[in-house]
Amino acid sequence: MIHRIGSRNMEEVEKVKAEALQIIGVFQLLPKLVVFDLDYTLWPFYCECRSKHDTPYLFPHSRGILHALKSQNIHAAIASKSPTPDIATTYLDKLGIRSMFVAEEIFYSWTHKTDHFQKIHSKTGVPYNSMLFFDDDNSNIQEISKIGVTSILVRNGVNLEAFRNGLAKFSQNGNASKKNKQKRPK
């Protein structure tokens, strides 16, 4: 079952997508892969507190940002520690966004998503320093930053401000690592 979007909502998605595309256009250095948590990052609830029969919904800017990434051929993935992966994947299907992700790592783990990122890296071949990650849990942000992923803490889900901050931090991290590399003689 695919979630239908009303025309007013579609206008809002297109507006957010256009603004996200403008933000993307500001940066020369872009991530190859943007990884999202689900609960309280893409949507405002915990899957395990809901049923497969509920109607899921996204934070207001999530869909527009996903569409902007897709239109720029920037891949997206999911890293979620949900204890109810069946509900999470049902919601992705109901929302009609599951096809937007090149990797879905949705499983419970005692680690801070390092297992999730190892699997995403194995599936995509994208180096950690070419990834941007959004999550609402600061302990995940701290741990995933240690493996070289640019990680952004979100307070009210992914929105245009968090997206801009993420791309800016990614660009800064990338430029810093370029400056730290020795220039090789030609």
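Because the structure is a prediction, the values reported are computed rather than measured.
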Student check: side-chain heavy atoms of Met10 and Val13 closer than 4.5 Å: yes
- Do Ile120 and Phe36 belong together in a cluster built from hydrophobic side chains that touch within less than 4.5 Å? no
Heavy-atom nearest pair, Phe133 first then Asp37, reads CE1-N, 4.2 Å
Side chains of Glu105 and Gln118 in contact at under 4.5 Å (non-hydrogen atoms) = no
Audit row: Trp43, Leu95, side-chain contact (heavy atoms from CB on, under 4.5 Å) steps and yes/no: CA-CA 11 Å; Trp43 52 53; Leu95 290 162; 3.7 Å; yes
Here the pair of heavy atoms bringing Leu29 nearest to Phe170 is O-CD2, 3.9 Å
message = Would you say that more than 12 heavy atoms from the other residues, nucleotides or ligands in this model lie under 6.0 Å from the NZ of Lys15, or not?
response = no
Evaluate Val16 against Arg63 for side-chain contact (heavy atoms from CB on, under 4.5 Å), listing each step before the verdict. CA-CA 8 Å; Val16 171; Arg63 189 180 299 272; over 6 Å; no
- Task: Would you indicate whether the side-chain heavy atoms of Lys81 and His116 approach each other to under 4.5 Å?
- Result: yes
### Message
Checking the side chain of Ser82 only, and the main-chain atoms of Thr84 only, is there a donor and an acceptor separated by less than 3.5 Å?
### Response
yes
Checklist entry - Does Tyr46 OH have over 12 foreign heavy atoms under 6.0 Å away? => result no
query: When clusters are formed by joining ILVMFWY residues with side-chain heavy atoms under 4.5 Å apart, either directly or through shared neighbours, do Leu33 and Ile152 land in the same one?
result: no
(Q) Applying a strict under-4.5 Å side-chain criterion to I, L, V, M, F, W and Y, I'd like to know whether Ile147 and Val34 cluster together. (A) no
On a heavy-atom basis, the closest approach of Thr124 and Ala103 is CG2-CB, 4.3 Å
Notebook entry, point to check: Under 4.0 Å between a Lys/Arg side-chain N and an Asp/Glu carboxylate O for Glu161 and Arg164?
Noted result: no
Nearest heavy-atom contact between Tyr108 and Pro83 is CB-CA, 4.1 Å
The single option from Glu12, Lys17, Glu11 that satisfies side-chain contact (heavy atoms from CB on, under 4.5 Å) with Glu14 is Lys17
Taken to the nearest 0.5 Å, the spacing of Ile87 CD1 from Asp54 CG works out to 8.0 Å
Phe27 and Ser171 have their tightest heavy-atom pair at CD2-CB, 3.8 Å
**Asked** Heavy-atom distance under 4.5 Å between the side chains of Val26 and Leu167, does that happen here?
**Response** no
Quick one: does Asn159's side chain get under 4.5 Å of Pro60's, heavy atoms only?
-> no
| field | Lys119 NZ/CZ over Phe107 ring centroid, <6.0 Å and within 45° of normal | value | yes
Of Thr41, Leu42, Val35, the one forming a side-chain contact (heavy atoms from CB on, under 4.5 Å) with Phe134 is Thr41
Does this structure show an ion pair linking Lys113 with Asp135, if we count only N-O contacts that are shorter than 4.0 Å? yes
### Query
Are the side chains of His61 and Phe163 in touch, meaning some heavy atoms are under 4.5 Å apart?
no
Membership question, hydrophobic clusters at under 4.5 Å side-chain separation (ILVMFWY): are Met100 and Ile106 in the same one?
yes
inquiry  = Quick check: is Ile78 connected to Tyr40 through a chain of hydrophobic side chains (ILVMFWY, heavy atoms under 4.5 Å apart)?
reply    = no
CD1 of Ile144 to CZ of Phe117, rounded to nearest 0.5 Å, is 5.0 Å
Here the gap from Asp136 atom CG to Leu153 atom CG, rounded to the nearest 0.5 Å, amounts to 7.5 Å
Between Glu104 and Thr89 the two heavy atoms that sit nearest each other are OE1-CG2, 3.7 Å
message = Contact between Val102 and Lys123 at the side-chain level, heavy atoms closer than 4.5 Å - yes or no?
response = no
OG (Ser151) and CG (Asp137) are apart, to the nearest 0.5 Å, by 11.5 Å
Rounding to 0.5 Å, atoms CG (Leu160) and CD1 (Ile23) come to a distance of 4.5 Å
To the nearest 0.5 Å, atom CG of Leu92 lies from atom CZ of Phe101 at 6.0 Å
Tell me if a side-chain donor or acceptor on Lys94 pairs with a main-chain N or O of Lys52 at a distance below 3.5 Å. yes
Measure the shortest side-chain to side-chain distance between Leu21 and Ser71 over non-hydrogen atoms and say whether it is less than 4.5 angstrom. yes
